[in-house]
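Chain naming here is simple, since letters A, B, ... match the order of the sequence lines and numbering starts at 1 in each. Remember, predicted model here, so these are calculated numbers, not experimental data.
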There are 2 protein chains.
Amino acid sequence: MGKLDFSPIADTTRRAEIVGLLRRAILTGQLEPGQKLNELRIAEQMRVSRAPLREAMRELVQEGILTSIPYAGTFVIDVTAKDIEDAYSLNKVLDEFAIERSWPLRDERFFEELDRRHEAVKQATRDRDTTRQIETALQLHGLIYEWADNAVLLDTWQRLTSRLQMYFALHQRARNEVVPAEDVHETYVRLLKGADMGAAQRHAREHIDLDFEELVAYARGLEKRASKGA
Amino acid sequence: MGKLDFSPIADTTRRAEIVGLLRRAILTGQLEPGQKLNELRIAEQMRVSRAPLREAMRELVQEGILTSIPYAGTFVIDVTAKDIEDAYSLNKVLDEFAIERSWPLRDERFFEELDRRHEAVKQATRDRDTTRQIETALQLHGLIYEWADNAVLLDTWQRLTSRLQMYFALHQRARNEVVPAEDVHETYVRLLKGADMGAAQRHAREHIDLDFEELVAYARGLEKRASKGA
DNA sequence: GACAAGCAGATTGTCGACAATCCAGCAAGG
DNA sequence: CCTTGCTGGATTGTCGACAATCTGCTTGTC
């Protein structure tokens with residue numbers, strides 16, 4: 001008997017398919033914050049009935065990237081500067097925890113995976129594919145969570161990631177320019193391979209702060225413009 | 001114009017109603033871990049069609065207390081000792097963060113609410129209502145999260161709470177005895193009113209450890225028995 | 001002109017029925 | 001015996017239609 005283990009087969013329900021499509025559309029900014037999702041129109045476009053679409057929407061509501069008002073509609077969440085600050089400050093705490101927990105569990109496979117994901121980010125950067133760049137950067141960042149051996153933590157982070165990805169996409173689309181080609185993750189990867197856990201934790205916190213400031217500034221700008229318009 | 005603020009009117013959709021019913025049934029242990037939810041039977045019992053029931057289930061799946069396998073069914077999540085450990089270790093970190101953030105925001109209303117919730121726990125304890133005791137204790141515990149002024153954190157904690165409540169209920173039902181009448185929250189409340197934030201954080205961590213040890217021990221016992229049976 | 005009542009259109013919420021899938025049990029073949 | 005393939009029943013996934021609700025406009029009244 002060969003020792004080949006098969007991965008579980010893909011769930012091919014329309015619902016799961018729809019969830020993926022919608023999530024991607026939201027996280028890449030194709031569906032803008034605050035925008036209403038018309039069930040009938042989307043169902044027709046996807047050639048699907050409303051039942052699985054609505055179920056998919058309920059999932060994304062609970063995932064935190066959609067919000068639903070009974071008899072009024074389902075909307076992409078609004079992104080406020082406060083939301084971004086909140087998400088980031090929580091992310092810092094979780095990062096420290098994830099590093100602490102994954103630290104003693106780092107092994108050969110961890111380092112391989114670290115390099116693989118780092119390489120993916122660099123590739124996306126070379127390709128000037130900003131969307132993919134955000135995705136891969138978050139996946140790189142997520143490795144410590146996957147390795148922390150804490151299902152609840154991982155779940156929490158993935159939920160947080162959805163929002164972060166959405167915020168980043170919004171930011172990227174807005175300033176409409178490619179991120180600096182220099183590799184900002186070099187230090188992060190090096191520290192995760194090293195022996196000083198405290199240093200890794202500190203870097204994670206500070207590295208986050210950099211992007212964060214810019215993102216919040218951008219969001220505050222958005223809000224100022226919006227309030228002027230209204 | 002009077003300064004009376006009305007609370008939003010109740011969402012009267014069947015779906016919301018069903019979510020409440022199911023959540024309560026799960027968190028109080030009326031639906032046991034691992035148990036399958038038969039859509040047709042539940043729909044008939046609730047006198048509701050399957051559509052809103054299924055949508056409600058999707059919400060609870062994303063909430064983390066149900067799990068769904070396509071074409072097989074939707075089940076109450078299984079509670080493993082590891083899950084409990086994971087939830088608790090994360091809870092510790094979040095508690096520290098919540099205390100830190102809510103600390104400078106404590107005001108008169110905070111202290112009032114703190115007393116009110118503390119009183120509710122004591123009342124439930126006097127009534128020997130274990131289910132309500134769990135609920136109220138978690139609500140007391142949740143105050144720092146509500147006051148931390150961080151929507152993402154609050155959201156995260158509420159999700160975590162669902163699991164914790166489920167674990168506690170399981171535990172309570174199993175040992176089938178009332179919790180000690182002495183008030184274990186006295187110190188917690190006092191420290192939250194005090195001036196030493198570090199002390200409050202330490203206490204939160206240690207107080208949690210107490211219940212935690214017992215709960216994990218119980219869960220491990222469960223699993224040992226289960227593996228023997230299988 | 002201001003305002004309330006009411007109507008029409010659009011959209012969401014719910015329903016009952018049908019299609020796709022799974023599972024246990026049994027028969028056929030080695 | 002063990003394995004393979006089939007079949008019937010039960011359950012989940014999906015569909016199209018109907019009911020409930022909201023929104024904006026029109027109308028009538030003052």
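Annotation: A/Gln35, atom CD; neighbour count of heavy atoms from other residues, nucleotides and ligands within 6.0 Å is above 12.
Here the P atom of nucleotide D/dT12 and the CZ atom of B/Phe75 are 8 Å apart, to the nearest Å. Rounded to whole Å, the distance from CG on B/Leu53 to P on D/dT11 is 14 Å. Between the CZ atom of B/Arg14 and the C1' atom of D/dA20 there is a distance of 10 Å, given to the nearest Å. Rounded to an integer number of Å, the gap from CD1 of A/Ile42 to C1' of C/dT12 is 13 Å. One atom, CD of B/Glu55, and another, P of D/dG13, lie 13 Å apart when rounded to the nearest Å. Between the CG atom of A/Asn38 and the C1' atom of D/dT23 there is a distance of 14 Å, given to the nearest Å. As rounded to whole Å, 13 Å separates atom P of D/dC15 from atom CG of A/Leu40.
Applying the 4.0 Å criterion to OP1 and OP2 of D/dG13, one finds that B/Arg54 has a side-chain N or O inside that range. Between B/Arg15 and C/dT12 there is no side-chain polar atom (N or O) within less than 4.0 angstrom of OP1 or OP2.
Of the residues in residues 56-67 of chain B, B/Arg58 come within less than 4.0 Å of DNA chain D through at least one heavy atom, sorted by number.
Under the salt bridge (charged side-chain N to carboxylate O under 4.0 Å, His left out) criterion, A/Arg163 pairs with no residue at all, not counting sequence neighbours. B/Phe75 pairs by the ring pair (Phe, Tyr, Trp, His ring centres under 6.0 Å) definition with nothing, not counting sequence neighbours. Partners of A/Arg117 under the salt bridge (charged side-chain N to carboxylate O under 4.0 Å, His left out) rule, at least two apart in sequence or in another chain, are A/Glu113, A/Glu146. Not counting sequence neighbours, the partners of A/Asp115 by the salt bridge (charged side-chain N to carboxylate O under 4.0 Å, His left out) test are A/Lys193. Every residue meeting the salt bridge (charged side-chain N to carboxylate O under 4.0 Å, His left out) condition with B/Glu85, not counting sequence neighbours, appears here in chain and number order: B/Arg220. Remark: A/Phe97 pairs with no residue by the ring pair (Phe, Tyr, Trp, His ring centres under 6.0 Å) rule, at least two apart or across chains.
Looking only at atom types and distance, the side chain of B/Asn150 has no donor-acceptor partner in the side chain of B/Tyr145 under 3.5 Å away.
The residue A/Leu37 sits close only to the backbone: its heavy atoms come under 4.0 Å of sugar-phosphate atoms, none of a base.
The listed nucleotides are C/dC15, D/dT14, D/dT12; the one nearest the side chain of A/Thr13 is D/dT14.
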Donor-acceptor pairs under 3.5 Å, side chain of residues 45-55 of chain A to any protein atom, not counting sequence neighbours: which ones?
{"residue": "A/Ser49", "atom": "OG", "partner": "A/Ala51", "partner atom": "N", "Å": "3.3"}
{"residue": "A/Arg50", "atom": "NE", "partner": "A/Glu39", "partner atom": "OE1", "Å": "3.1"}
{"residue": "A/Arg50", "atom": "NH2", "partner": "A/Glu39", "partner atom": "OE1", "Å": "2.9"}
{"residue": "A/Arg54", "atom": "NE", "partner": "B/Glu55", "partner atom": "OE2", "Å": "2.7"}
{"residue": "A/Arg54", "atom": "NH1", "partner": "A/Glu39", "partner atom": "OE1", "Å": "3.3"}
{"residue": "A/Arg54", "atom": "NH1", "partner": "A/Glu39", "partner atom": "OE2", "Å": "2.9"}
{"residue": "A/Arg54", "atom": "NH2", "partner": "B/Glu55", "partner atom": "OE1", "Å": "3.2"}
{"residue": "A/Arg54", "atom": "NH2", "partner": "B/Glu55", "partner atom": "OE2", "Å": "3.4"}
{"residue": "A/Glu55", "atom": "OE1", "partner": "A/Arg15", "partner atom": "NH1", "Å": "3.3"}
{"residue": "A/Glu55", "atom": "OE1", "partner": "B/Arg54", "partner atom": "NH2", "Å": "3.2"}
{"residue": "A/Glu55", "atom": "OE1", "partner": "B/Arg58", "partner atom": "NE", "Å": "3.4"}
{"residue": "A/Glu55", "atom": "OE2", "partner": "B/Arg54", "partner atom": "NE", "Å": "2.7"}
{"residue": "A/Glu55", "atom": "OE2", "partner": "B/Arg54", "partner atom": "NH2", "Å": "3.4"}

Legend entry - Contact state string [nucleotides 16-21 of chain C, B base, S sugar-phosphate only, - no protein heavy atom under 4.0 Å]: -B---S
